[in-house]
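Contents: one structure, followed by commentary.
Order of appearance sets the numbers: ligands from 1, and atoms from 1 within every ligand.
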Amino acid sequence: MLNTLNAPATPSAAVSAPGVRARSPSDAVSGLSDARGRVKRKLRLSLTDRCNLRCVYCMPDTPKWLPKAQILRQDEIIRLARLFVEELGITDIRLTGGEPLLRADVVDIVAALDTLRPLGLERIAMTSNGGRLPRVANALRAAGLDDINISLDARTPETFTRLTGGGSVEPVLEGIAAARDAGLPVKINSVVIRDHNEHEVLPLLRWAMEADMTLRFIEFMPLDGRGYWNADRVFTQDEIVAALRQHHRIDALPETDDPARYFSVDGNHRFGIISTISKPFCRRCDRVRMSSTGTLYSCLFSAAGEDLRAPMRAGADDQALARQIRGHVWHKEAGYAERPGYVERPITMHVLGG
Ligand code: SAM
Ligand code: SF4
C-alpha cells in the first residue's frame, strides 16, 4: 500500500495540471486542497466531547470532560462553517462528537447550517449513537438534516453492553426506527474487534438486509482513549469478507469516492467496509475535521492540529482565518499508510469525532 501513496492523488480541481503538485496554497485554483492535490469537500464537525456511552474502542476509562468555555458556541460553529462553505468550497458537513445529540442546541445548529445551502452547502449529515433519536429525529429532519449514520456494533444485548461500557441496545434500535420514521436515510456503522464482536458480523448483515439498510463495517483504528488498540484486535476487511463468504456470495463492487469499499451480497444487497488499517484510502481523502474546541485536523491521525478558536475569539477576520485553514490543510500528511500504528496525538476519537 505504501507505494500507492507516493503518487499524488488525481486532483479534481486543485492543481493546474493533473498529477502535478502545486507548490503553495496560492497555486491551487480554488477551494481547499493539500500539496498532494487532494481537494477537500467534506468537513467533520465535532459538537462535543461528551457522550452517554463508554465504547471500549473510543472513550478513556474515566473521561475528563473539557471545560464548557473551551467548546465552541453555536455562533462560532456557524461562523466557521460558513467560512468553510463560502470561501473554501466545502459542500458536505457531518456533525459528530462525542455524541452530537447531547448538545441541547443540536437542532438549532442544523437549522443554522441549513441557511448555508445558497452558499454551496449540499449535505448536512450526522453520526450518532442513536439513543436520543426518538426525541429529536423529526425536529432534525425538519431543520434540514439530510441523513444519519448510526453506530451499532452488535445486535446481541450482552455484546452491545460489553462494547459500549454498559449501554443498552434497545434505545439504539428505537433510535434507528425513529430516524427512519422521520424520513431520514440511515446507514449503520459497526466497528469490528477480534475476540469481541466478529461473531456479530453475519447477524448484523442479515438484519440490515432484512431492514433494507446499508451497513458499513469499520476496522478498529488506533484512536481509542485507553490504549486498547493493538494490531491483533483488528478484524480486517479480508477476514470480514471471508467470514461472510461462508454463507453468501460476496462480490466486490467498483470503488467510489466513499471511504468504504462496497460489496454485493448474493447479487442484490450491498454493504461496505471501511478498511483504514488494512487498505487505507488516504490517497483519495477529501475531508478535514474540526474538534469541538475549534482545532482543525487535516487527518484523523494527525499528531497536531491548528487552533482556530483562540484567533477567532481574539478578533481575527474571515480572511485571516481562511488563510490559516488553507495553510494548515496544505501540509496535510500522506496518511495512515505511511505511518501505521499508534500515533502520539493530543486527542482521541471522542474529542475529534469519527
Ligand atoms: N457518538 C457517535 C457515534 O458513536 O456514532 C459519533 C462519534 S463516534 C467517535 C463516530 C464513529 O467513530 C462511530 O461510528 C464509532 O463507531 C467510530 N469509532 C470510534 N472509535 C473508533 C475506533 N477506535 N476505530 C474505528 N472506529 C471508531
Ligand atoms: Fe460515544 Fe460514539 Fe465514542 Fe461510543 S463511539 S463512546 S458512542 S463517541
Atom indices of ligand 1, in the order listed, that fall short of 4.0 Å to a heavy atom of [X]:
X: Met221; answer: 22 (C), 23 (N), 24 (N), 25 (C)
X: Phe220; answer: 23 (N), 24 (N)
X: Gly98; answer: 1 (N), 2 (C), 6 (C), 7 (C)
X: Thr127; answer: 2 (C), 5 (O), 6 (C), 10 (C)
X: Asn129; answer: 2 (C), 3 (C), 5 (O)
X: Asn189; answer: 14 (O)
X: Glu99; answer: 1 (N), 2 (C)
X: Gly97; answer: 7 (C), 9 (C)

Presence of salt bridge, Arg123 and Asp147, under 4.0 angstrom: yes

Lys/Arg N to Asp/Glu carboxylate O, Arg261 vs Glu255, below 4.0 Å: yes

Atoms in ligand 2 with a heavy atom of Gly98 nearer than 4.0 Å: 8 (S)

For ligand 2, which atoms, with element, lie under 4.0 Å from some heavy atom of Met59? 6 (S)

What do you reckon, does Ser151 put a non-hydrogen atom under 4.0 Å from ligand 2? no

Short N/O/S contact of Cys55 with atom 4 (Fe) of ligand 2 (below 2.8 Å): yes

Any heavy-atom pair between the side chains of Phe271 and Ser264 that's under 4.5 Å? no

Heavy-atom check, side chain of Lys332 versus side chain of Cys285, under 4.5 Å: yes

Just distances here: any N/O of Tyr57 and N/O of ligand 1 closer than 3.5 Å? yes

Is any N, O or S atom of Cys51 under 2.8 Å away from atom 1 (Fe) of ligand 2? yes

Report the part of Ser128 (side chain from C-beta onward, or backbone N, CA, C, O) that has a heavy atom under 4.0 Å from ligand 1; answer both or neither where that applies. backbone

Less than 3.5 Å apart, which donor and acceptor atoms pair up between the side chains of residues 131-146 and the rest of the protein, not counting sequence neighbours?
unit_1, atom_1, unit_2, atom_2, d
Arg141, NE, Gly183, O, 3.3
Arg141, NH1, Leu145, O, 2.9
Arg141, NH1, Asp146, O, 3.4
Arg141, NH2, Gly183, O, 3.1
Asp146, OD2, Arg117, NH1, 3.3
Asp146, OD2, Arg117, NH2, 3.1
Asp146, OD2, Ile124, N, 2.7

For residues 209-217, which side-chain donor-acceptor pairs fall under 3.5 Å, sequence neighbours excluded?
unit_1, atom_1, unit_2, atom_2, d
Arg216, NE, Asn189, OD1, 3.4
Arg216, NH2, Asn189, OD1, 3.1

Treat each ILVMFWY residue as a node, draw an edge where side-chain heavy atoms are under 4.5 Å apart, and state whether Leu83 and Leu308 are in one component. yes

Single-linkage hydrophobic cluster Ile78~Leu119, side-chain heavy atoms < 4.5 angstrom: yes

Residue-ligand contact Ser46/ligand 1, heavy atom below 4.0 Å: no

Do the two ring centres, one from Phe263 and one from His248, sit under 6.0 Å apart? no

Select the closest option to atom 5 (S) of ligand 2 among Gly165, Cys58, Pro100, judged by heavy-atom distance. Cys58

Trp229 CH2 to Ile277 CD1 distance, which is reported to the nearest 0.5 Å: 5.5 Å

Tell me the closest heavy-atom pair linking Leu121 and Asp92, and the distance in Å. CD1-N, 4.0 Å

